[in-house]
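Notes for the one structure printed next.
Start at 1 with the first residue, then count along the sequence.
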Amino acid sequence: SVRDGRPSLGVWDGILIPVRNEFGQISALRLRRDENSANRYFWLSSKKHDGPGPGSPVGVWGWQKGQPTSGLVRVTEGEFKACAALEQTGIPSLSAPGVAQMGSPRVIQLLQTIGARAVLLAPDSDTLTNKHVKRSVRNAISTLTEAGFVVAVEVWDSAAKGIDDALAAGYAIQQISPDEYLKRLLDEPEPVESAEHPMSRRLEGVSAPSQYE
């Protein structure tokens with residue numbers, strides 16, 4: 001904020017997370033408060049406090065422009081999840097700032113820039129119990145498939161909410177087709193308007209790091 005014509009910085013105790021773009025540049029800073037409250041995440045610069053709001057930046061983890069790619073990229077919600085998943089699997093990840101952004105135009109743009117052909121979508125396990133999250137995940141699946149990506153959805157034991165918790169607990173991460181995932185969301189799932197997604201085709205020509213095969 002600006003006080004008496006001078007900028008000032010006031011933050012809570014917590015972890016400061018750099019959000020990088022496709023050039024490796026820090027495009028935003030996000031704070032996770034140590035205090036366990038309903039809203040633990042805040043952008044360091046906010047329009048609410050007279051600063052330039054960051055918008056909805058998507059973080060790029062494990063890749064920057066000019067580097068080769070296998071064609072396989074994960075999309076998940078939140079910086080900690082993307083970072084942890086990258087460290088455990090070696091697969092470049094995009095961190096959407098919220099579940100509603102997992103199929104956003106910015107995510108599509110970054111996937112195309114990276115040269116992704118296959119996308120691992122890793123929504124939180126509470127998708128099955130939250131109708132608003134269900135809608136966002138369905139929209140992300142539809143948007144990604146319509147954009148031409150081969151999509152698989154990652155699922156795990158529901159005792160772990162995010163993929164970071166699942167990997168830390170040693171749970172197996174299963175990759176299923178969008179149609180199979182939608183059957184878990186809906187009694188009568190609406191078909192995804194895209195080419196068919198047999199699992200034998202899902203990662204055709206795309207190699208995952210050996211520790212994740």
Side-chain angles (χ1 to χ4, degrees), residues 19-24 27 56-79 81-97 99-124 127 136-156 162-164 166-167 172-185 189-213:
V19 181
R20 298 182 183 274
N21 61 20
E22 65 269 39
F23 301 102
S27 58
S56 298
V58 178
V60 181
W61 301 82
W63 185 87
Q64 66 183 60
K65 205 158 188 178
Q67 292 181 340
T69 176
S70 70
L72 177 63
V73 179
R74 174 182 290 105
V75 177
T76 190
E77 177 189 356
E79 295 79 19
K81 295 168 189 174
C83 181
L86 168 66
E87 290 180 352
Q88 292 292 318
T89 69
I91 299 172
S93 298
L94 299 182
S95 60
V99 66
Q101 301 294 322
M102 292 179 73
S104 68
R106 176 58 173 159
V107 166
I108 299 295
Q109 177 193 18
L110 285 171
L111 290 171
Q112 292 170 339
T113 298
I114 293 172
R117 300 190 301 278
V119 175
L120 298 176
L121 195 64
D124 287 352
T127 303
S136 294
V137 175
R138 286 177 56 206
N139 290 342
I141 290 172
S142 179
T143 301
L144 291 168
T145 53
E146 288 174 3
F149 300 107
V150 178
V151 178
V153 184
E154 294 186 299
V155 295
W156 49 83
I163 190 170
D164 53 340
L167 290 167
I173 309 295
Q174 183 184 5
Q175 299 166 6
I176 63 177
S177 71
D179 286 341
E180 184 178 348
Y181 187 77
L182 290 176
K183 288 177 183 178
R184 301 186 182 194
L185 297 182
E190 298 177 9
V192 178
E193 295 181 2
S194 65
E196 63 177 355
H197 289 272
M199 298 312 285
S200 60
R201 176 177 172 270
R202 185 192 69 215
L203 303 179
E204 182 179 349
V206 181
S207 59
S210 59
Q211 68 266 32
Y212 197 63
E213 293 176 345

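Taken to the nearest 0.5 Å, the CG atom of Leu182 stands 7.0 Å off from the CZ atom of Arg138. To the nearest 0.5 Å, atoms CG (Leu86) and OG1 (Thr76) are separated by 12.0 Å. With rounding to the nearest 0.5 angstrom, the CG atom of Asn139 is 10.5 Å from the CG atom of Leu144. With rounding to the nearest 0.5 angstrom, the OG atom of Ser136 is 11.0 Å from the CD1 atom of Ile141.
Pairing each heavy atom of Gly103 with each of Ala140, the nearest pair is N-CB, 3.9 Å. Of all heavy-atom pairs spanning Pro123 and Trp156, the tightest one is O-CH2, 3.2 Å. The two residues Ala122 and Ile163 come nearest to each other via the heavy atoms CB-CD1, 4.1 Å. Nearest heavy atom pair, residue Ile91 against residue Leu120, reads CD1-CD1, 3.8 Å.
Among residues two or more places apart in sequence or in another chain, the side chain to side chain contact (heavy atoms under 4.5 Å, CB included) test is passed with Asp124 by Glu77, Lys81, Asp126, Lys161. Gln109 meets the side chain to side chain donor-acceptor pair (under 3.5 Å) test with Arg106; sequence neighbours excluded.
Using a distance-only test at 3.5 Å, with no hydrogens or angles considered, a donor-acceptor pair links the side chain of Asn21 to the main chain of Gly24.
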Apply the test side chain to side chain contact (heavy atoms under 4.5 Å, CB included) to residues Leu111 and Val75: give CA-CA distance (whole Å), side-chain angles for both, the deciding distance (0.1 Å), then the verdict.
CA-CA 9 Å; Leu111 290 171; Val75 177; 4.2 Å; yes

Side chain to side chain contact (heavy atoms under 4.5 Å, CB included) assessment of Ile173 paired with Thr89:
CA-CA 11 Å; Ile173 309 295; Thr89 69; over 6 Å; no

Show, in sequence, the C-alpha distance, side-chain angles and deciding distance for Tyr181 and Leu121, and conclude whether the side chain to side chain contact (heavy atoms under 4.5 Å, CB included) test is met.
CA-CA 11 Å; Tyr181 187 77; Leu121 195 64; over 6 Å; no

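Looking at heavy atoms from C-beta onward, Val107 lies out of side-chain contact with Gln101 at the 4.5 angstrom threshold. Side-chain contact between Phe149 and Val73 is absent, with no heavy-atom pair separated by less than 4.5 Å.
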Can I get a per-line list of side-chain donor-acceptor pairs under 3.5 Å for residues 59-67, giving both atom names and the distance, sequence neighbours left out?
from, atom 1, to, atom 2, distance (Å)
Trp61, NE1, Ser95, OG, 2.9
Trp63, NE1, Gln67, O, 3.0
Gln67, OE1, Gln64, N, 3.1

